[in-house]
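Report on one structure; see the data block that follows.
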Amino acid sequence: MPIEFKSVDFTYSPHSPFEYEALKDINLVIDGHGFSAIVGHTGSGKSTLVQMINGLLLPSFGAVAVDEEVIVPEKKKKYERRLIKDKSASIRTKVLLEFIQTKQEYELKSIRKKVGIVFQFPEYQLFEETVEKDVAFGPLNFGFSKEEAMNKAHIALEKVGLDKSYFLRSPFELSGGERRRVAIAGIIATEPDILILDEPTAGLDPQGAKAMMDLFLSIYQKGTGIIMVTHDMDIVLRYAQEVIVMKEGRIVERSTPIELFGQDNEDFSLEIPMLYQVAKKMIMAGYPIDIRSLKSEDDLAKMIAKGRK
Ligand SMILES: Nc1ncnc2c1ncn2[C@@H]1O[C@H](COP(=O)(O)OP(=O)(O)O)[C@@H](O)[C@H]1O
Ligand SMILES: [Mg+2]
């Protein structure tokens, strides 16, 4: 299920002293079946971008299409009329209009069913008195019976590694990491086609982060598309098929992790994965390492072994 951004601008608090243009002319297609990473400095617009995918924020200009449904700044017909009337319409506006006309008006519920989003620090958004009620909230909201919703909640909780003993506890007596798992289960329980994760491993210890990533990998392997915002370049290298780099509200690069880290990308001032830091040192020390096909520690070991023969 593809997601497409067409000429999207987004401004926070327009016409106020706090006005801030967070996204500028975003054009992007994500096919929705893969594992995509979004990286970039704090403030580059990553969270803003992903929140537009499920209609939480509306574009100030432009359109975001989820499958056949299109999210625009106002009612679709009205927006189309406004674009048609625009005497000074640029090519950009004309292309946008044509795009919107091929799509249908979005329905928030339908979008939310397709796209599940786990916010940054989701553990602060729990509110029910028991873990199972919190997780069942989503499915209930989508019209499942109490029993079905509870059943989905239990399955989702098991998936995130929280067994029966957690079901009836209060979310507020759990650790931060456990609460985050509850919040993630709440989204998984709604069985979205695409799962968006905004810095899901931030603040977790390395083992907790690894367990979390293994969970997302298994969800992905069962057919859910993943879009993940992260600061962790080791995660990008290990898990993502493609990486989108943002800078100051724009998309400045899109490639595979290997291409991105293999090249000199000082422009983007991104961290380099540990594996590449090691490999670059080894190349300087004279080892014959082909950095353009380096994905794992195993690859590095093989390249070293081959060089020794
Ligand atoms: N509610 C808001 N009001 C005004 N400005 C905001 C708001 N939320 C975010 N911003 C600003 O928009 C920019 C992009 O923010 P964000 O998308 O959260 O970046 P990132 O997730 O890449 O760190 C930042 O400069 C941020 O300060
Ligand atoms: Mg953010």
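Every number for a ligand or one of its atoms is a count from 1 in the order of the listing.
- With sequence neighbours excluded, the residues satisfying side chain to side chain contact (heavy atoms under 4.5 Å, CB included) with Leu28 are Phe5, Ile26, Ile30, Leu49, Ile244, Ile251, Arg254.
- Contact residues for ligand 1 (protein heavy atom closer than 4.0 angstrom to any ligand atom): Tyr12, Tyr20, Ala22, His41, Thr42, Gly43, Ser44, Gly45, Lys46, Ser47, Thr48.
- Among residues two or more places apart in sequence or in another chain, the side chain to side chain contact (heavy atoms under 4.5 Å, CB included) test is passed with Ser7 by Asp25, Asn27, Phe61, Arg92.
- Centred on the Mg ion (ligand 2), the angle running from Ser47 (OG) to Gln120 (OE1) is recorded as 80°, rounding to 10°.
- Heavy atoms of other residues, nucleotides or ligands lying less than 6.0 angstrom from CD of Glu21 number more than 12.
- Val95 meets the side chain to side chain contact (heavy atoms under 4.5 Å, CB included) test with Lys6, Ile91; sequence neighbours excluded.
- Between Tyr12 and Phe10, the angle of the ring planes goes over 60°, which puts this pair in the perpendicular group of the 30/60° scheme.
- In the model, Ser170 has no side-chain atom that pairs as donor or acceptor with a side-chain atom of Glu173 under 3.5 Å.
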